[in-house]
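Following: one structure in structure tokens, then a few remarks.
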Amino acid sequence: MDSFAEPYTRQGDDISLEQVRQNIASLEEQHRKNGIPLSGRILHVCHYLPITATLLPKPSLGVLSPPATPPSKPADVPQEDGSLPTEQKTEQEEQAKWSMAPRHGHAAMISGIRSMSHTHEQLIIGWTGDIETPTGEKVSSDTTSPKERQEFEEALNNYHPKESDPDDERDRKTKYVPVWLDDKVAHGHYDGYCKQTLWPLFHYLLWQDVATEYASADSHYPYYESANAAFARRIADVYRPGDLIWVHDYHLLLVPRLVRESIPDAVLGLFVHTPFPSSEVFRCLPREYLMFIQSPSSGVGSLDASTRVTDCQSTPGRKEILDGMLGANLVCFQTYSYSRHFISTCIRVCGYETTSRGIDVEGHVTAVMHCPVGIDAERVARDITRPGIKPKLDALRNLYEGKKIIVGRDKLDVVKGVLQKLRAFEKLLQDYPEWIGNVVMIQVTSPALTDSPKLERMVSELVAHINGEYGSLDFIPVHHYHQTLKKDEFYALLSVADLAVITPLRDGMNTTSMEFVIAQNDTAKSPVVLSEFMGISKNMEDALLVNPWNLGDVAAAINQGLVMSPAEKASRHAKLYKVVTVHTSHTWAAVLYKMLLGQLGLQGMARQTPYIPKDLLEGLYAKAKKRLFLFDYDGTLAPIVKIPSAATPSAATLEALEKLSADPHNIVYIISGRDGAFLEQHLGHLKNVGFSAEHGGFVRERGSSEWTNFTKNLDMSWMAEVEEIFRYYTERTTGSHIEMKKSSITWHYRSSDPEWGQFQCRQCQDLLENNLAHKRPIEVLLGKKNLEVRPIAVNKGEIVKRILYQNPDAEFIFCAGDDKTDEDMFRSLLLFQPGQTSKVTMEAPVAVKLVDNPNAPPVELAIQPQAVFTTAVGHSSKRTLAAWHVTTPQEVVEHMLSLVKDVPYVPTPERQGTPVAAAGASWDGARDTPEKANL
């Protein structure tokens with residue numbers, strides 16, 4: 001799909017806020033009618049609470065609150081009058097130990113969240129932030145007593161913004177839930193892994209590119225994991241069935257999976273506010289990191305908010321991040337291109353496959369979408385009219401009378417591109433010398449959350465160079481201010497500008513560009529130069545879009561903006577103004593909620609496959625006089641591996657099979673897609689185990705060494721045609737290969753480039769289904785990294801029916817599988833109608849009539865509904881006909897071993913000599929059809 005042709009917003013999301021809310025109400029009503037529980041609560045999980053707290057040593061003194069604590073400097077917009085945040089005390093607060101004040105930053109996100117309070121109960125879960133005393137001293141979280149923490153939560157419950165705030169009513173309906181973190185964990189998480197590794201990486205920089213000293217990408221990861229675990233536990237504490245959860249941003253990428261493990265039925269979305277890099281950049285994260293093992297006080301191997309280092313071990317790294325994100329039902333990004341990068345990264349780094357519904361991780365499907373964040377346009381428009389702005393605006397006009405004013409405001413961060421912007425301004429003065437003395441650039445760089453003395457020095461030196469080269473006694477071309485602007489100054493600067501230049505090297509969302517559009521609505525309607533690498537650039541196509549690395553083009557765009565006619569300015573501004581005021585932060589929050597509700601319906605989340613009940617399994621096993629055990633092999637008794645021949649059975653698997661098959665009351669079969677040679681090689685020494693190879697094409701009965709060919713009476717001439725098609729795609733897909741079996745043929749692409757292999761697989765599947773399948777008695781099966789063609793009359797379900805027909809007195813059935821082909825087995829065991837308890841009569845299946853007896857009569861089965869344990873291996877949300885699920889092949893083996901824990905184990909010696917030669921002796925005897933001679 002061409003990312004440049006993709007719309008910035010999804011179709012249906014570009015409607016009015018009122019319409020979105022109506023759609024939400026309709027979806028909720030539909031879900032409730034379908035029996036899907038909804039509590040009406042939304043849990044928003046953010047790194048910080050939007051509130052700062054000060055611990056008052058003597059409540060009676062009524063000391064005013066100090067400024068917001070680092071690292072949450074008021075970098076975006078300060079208080080209305082430019083003063084530091086304070087709160088007026090009520091009589092109730094005079095007796096309190098805590099003083100609360102608003103935390104500045106992330107205004108668009110918090111505004112959007114609070115806007116949903118009109119219709120839903122909102123909980124914002126976040127870290128408390130650093131706590132200080134009124135004198136500015138930091139208070140360690142370890143020293144806060146349980147009573148003080150309880151009082152803190154009470155203060156949060158009683159906190160309300162100042163009464164004059166028009167958004168006060170929304171804020172009153174929003175509740176706050178604190179997450180307490182050990183100071184070392186909190187800062188190792190945020191100042192360490194978040195800011196030194198993930199932030200640069202997501203903005204296409206590596207950690208060593210921004211570090212001031214030796215940098216390691218993984219040294220702070222344990223703190224990141226520990227903090228995420230603390231957030232997940234806090235969510236579990238407050239969660240109620242029917243809640244919807246939104247996790248916000250890159251600080252908490254592990255939370256979705258951790259929540260999924262503790263609350264399997266949770267409906268959870270993850271919104272990433274930053275860009276997401278291409279797979280080639282993301283895979284630079286190390287494969288491994290050093291994970292700290294906890295002290296005995298917190299449990300060996302556990303990670304919590306009070307990390308103590310005692311040892312380390314090697315654990316997967318970059319895959320851990322992606323798996324954490326994929327624990328969500330929905331992952332959402334600012335733009336389509338970011339979502340495309342994420343999907344590609346999951347395919348290339350983790351080897352996962354995509355479907356029309358999203359990314360498939362062992363049956364759990366995560367949808368991937370995009371939805372841009374806006375700003376609170378109404379609030380910005382109100383702020384623009386503040387009485388303190390006009391005097392400052394007039395002062396700026398008088399100060400720079402007769403000159404064009406270019407404005408830029410950025411955090412002093414490498415990714416904001418301040419150096420490149422200044423070089424482009426120098427290029428403007430070089431290429432368009434008529435502007436010397438006639439244009440000034442006012443560049444404000446607010447302090448970043450992490451200091452960068454080197455970058456600050458480079459900016460200062462470049463400003464001095466430009467002023468020295470092109471300035472004079474009465475003209476200074478660049479005015480650089482490294483400070484946080486007061487709100488009145490900020491909006492006055494945006495209003496007076498003849499041009500804004502906002503050209504970050506990478507950025508997810510930039511609120512300044514949107515605020516500039518609103519500020520200009522009542523002044524000159526001046527244009528804006530934007531970087532094409534910003535998340536919002538696709539939406540603001542009527543701005544002057546540039547590549548910030550191309551200094552000549554940026555200079556030309558600046559010149560174009562400065563000489564633009566009033567008519568063109570008005571036309572461009574009108575379109576930008578509509579975008580900014582229609583798709584606001586309120587719309588964004590509503591659309592996010594609608595998206596998550598939509599996934600709730602699409603994924604049929606009311607139907608979660610329950611985990612197999614061990615007690616019931618063991619109880620019915622003990623009571624049964626005859627039992628059937630039917631196992632798939634790959635993905636059920638052995639994990640999926642990249643090289644199929646390496647999927648050998650573990651010692652525990654062999655022990656379980658031997659113990660089960662040693663009991664004369666148990667009938668054990670392995671029903672696999674593998675050929676007989678593989679089964680003979682690795683499992684053939686188990687004489688009491690029966691085998692079905694090639695999806696039911698061949699069967700070796702228990703106690704026998706001979707294979708029965710179920711395809712000998714079928715037309716197999718189609719195999720040559722399929723092989724020719726597979727060879728065509730093998731030649732064009734590096735790393736793919738063909739597996740020739742006696743009754744089927746499979747094309748594998750696990751070792752190919754994942755995206756190219758999947759594309760070729762779909763092309764091949766389309767060719768087979770449209771040009772061959774309808775002419776021949778075959779079916780095309782899409783498996784895990786493979787495409788298989790087999791006779792239409794042969795499948796695992798027919799073999800299961802045959803085994804059940806031959807053992808009608810069985811009183812217990814356990815059948816386990818993980819793949820789409822195993823659904824045939826589960827389907828064949830759907831013996832009872834809902835609520836049916838009477839005996840079932842079974843007609844003779846096709847497999848019996850083909851091989852055993854064409855006139856076989858019906859039989860009555862002894863099995864009862866509760867004794868049929870069809871079990872899917874994978875996530876509980878996996879679409880399956882099975883009644884139960886387990887998560888991994890190891891769990892299948894563990895459950896089987898628990899059934900035979902009292903049975904003594906004497907391993908049967910495996911085949912002696914060359915395994916393949918020995919295995920092939922009996923398997924080759926099955927080659928009895930003339931159609932197979934060419935194989």
Side-chain angles (χ1 to χ4, degrees), residues 5-27 106-120 166-167 170 246 271 273 332-339 369-385 491 494-495 500 502 507-523 525-528 530 532 534-545 568-598:
E6 191 70 13
Y8 185 61
T9 56
R10 297 166 61 252
Q11 187 174 5
D13 293 342
D14 53 351
I15 55 180
S16 71
L17 177 59
E18 197 55 43
Q19 287 176 301
V20 175
R21 287 175 175 166
Q22 289 174 7
N23 291 345
I24 288 172
S26 176
L27 271 172
H106 305 291
M109 179 183 73
I110 298 302
S111 168
I113 290 172
R114 286 171 171 163
S115 70
M116 291 296 293
S117 296
H118 286 295
T119 53
H120 295 79
D167 296 323
R170 289 188 314 205
W246 267 109
F271 190 89
H273 292 256
C332 199
F333 296 89
Q334 295 265 12
T335 70
Y336 169 74
S337 61
Y338 299 161
S339 64
M369 296 183 180
H370 66 282
C371 178
V373 181
I375 60 171
D376 189 343
E378 292 181 5
R379 184 165 192 143
V380 173
R382 286 199 307 268
D383 290 341
I384 294 296
T385 62
Y491 286 129
L494 295 186
S495 301
I502 304 167
D507 212 349
M509 173 201 168
N510 188 292
T511 59
T512 301
S513 57
M514 299 182 182
E515 291 168 321
F516 175 78
V517 171
I518 294 178
Q520 285 289 321
N521 194 52
D522 294 325
T523 53
K525 296 179 172 53
S526 299
V528 56
L530 295 183
E532 65 185 45
M534 296 166 61
I536 61 170
S537 62
K538 185 66 180 175
N539 202 24
M540 303 183 72
E541 292 181 330
D542 288 284
L544 302 172
L545 301 180
E568 184 179 356
K569 286 182 183 180
S571 173
R572 287 176 178 266
H573 175 82
K575 295 174 183 176
L576 291 174
Y577 186 79
K578 181 179 179 182
V579 168
V580 171
T581 55
V582 169
H583 197 90
T584 65
S585 59
H586 296 188
T587 312
W588 163 77
V591 169
L592 279 192
Y593 183 68
K594 181 170 77 81
M595 283 180 173
L596 199 51
L597 279 177

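The shown structure was predicted, so the numbers you read here are calculated from the model rather than taken from an experiment.
Considering only heavy atoms from C-beta on, Ser526 comes within 4.5 Å of Phe516 through its side chain. Between Asn521 and His573 there is a side-chain heavy-atom pair separated by less than 4.5 Å. A 4.5 Å side-chain heavy-atom check between Glu515 and Val580 finds every atom pair outside the cut-off. Using a 4.5 Å heavy-atom threshold, the side chains of Ile24 and Leu597 count as touching. For the pair Glu378/Thr584, no side-chain contact is recorded, criterion being any heavy-atom separation below 4.5 Å from C-beta on. A heavy-atom distance below 4.5 Å is found between the side chains of Ile536 and Ser513. Contact of the Ser111 side chain with the Arg379 side chain is not registered, since no non-hydrogen atoms from C-beta on lie closer than 4.5 Å. Looking only at side-chain heavy atoms (C-beta outward), Leu592 and Cys332 come within less than 4.5 Å of each other.
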Mind running side-chain contact (heavy atoms from CB on, under 4.5 Å) on Met534 and Ile502 for me, showing each step along the way? CA-CA 9 Å; Met534 296 166 61; Ile502 304 167; 4.2 Å; yes

Given His273 and Trp588, is the ring pair (Phe, Tyr, Trp, His ring centres under 6.0 Å) satisfied, shown in steps? CA-CA 12 Å; His273 292 256; Trp588 163 77; 5.7 Å; yes

Let's go through Ser571 and Glu568 carefully: what are the C-alpha distance in whole Å and the side-chain angles of both, what is the deciding distance for side-chain hydrogen bond (donor to acceptor under 3.5 Å, both in side chains) to 0.1 Å, and is it a yes or a no? CA-CA 5 Å; Ser571 173; Glu568 184 179 356; over 6 Å; no

When you look at His118 and Arg21, which way does the side-chain contact (heavy atoms from CB on, under 4.5 Å) test go after all the steps? CA-CA 10 Å; His118 286 295; Arg21 287 175 175 166; 3.8 Å; yes

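Here the straight-line distance linking atom CD of Gln334 with atom SG of Cys371 works out to 8.5 Å at 0.5 Å rounding. Between the CZ atom of Arg114 and the CE atom of Met116 there is a distance of 15.0 Å, given to the nearest 0.5 Å. Atoms OG and CE, on Ser585 and Met514 in that order, are 9.5 Å from each other to the nearest 0.5 Å. Atoms CD1 and CG, from Ile384 and Asp522 in turn, are 8.5 Å apart once rounded to the nearest 0.5 Å. Annotation: the span from Ile113 atom CD1 to Met109 atom CE amounts to 5.0 Å, rounded to 0.5 Å. Atoms CG and CE, from Leu596 and Met369 in turn, are 9.5 Å apart once rounded to the nearest 0.5 Å.
Checked against a 6.0 Å centroid threshold, the rings of Tyr593 and His120 count as neighbours.
Checking side-chain atoms of Asp507 against main-chain N and O of Asn510 turns up no donor-acceptor pair under 3.5 Å. Glu532 contributes no side-chain N or O that, together with a main-chain N or O of Ser537, makes up a donor-acceptor pair within less than 3.5 Å. Thr581 contributes a side-chain N or O that, together with a main-chain N or O of Tyr577, makes up a donor-acceptor pair within less than 3.5 Å. Side-chain N or O atoms of Thr587 include one that pairs as donor or acceptor with a backbone N or O of Val582 at under 3.5 Å. In this structure, the side chain of Ser115 engages the main chain of Gly112 through a donor-acceptor pair within 3.5 Å. When atom types are taken as modelled, the side chain of Lys594 and the backbone of Ala590 share no donor-acceptor pair closer than 3.5 angstrom.
Under 3.5 Å, the side chains of His583 and Asn539 contain no donor-acceptor pair of N or O atoms. Side-chain atoms of Gln520 and Thr523 include a donor-acceptor pair closer than 3.5 Å.
Contact detail for Gly374 and Met509: the closest heavy-atom pair is O-CE, 3.2 Å.
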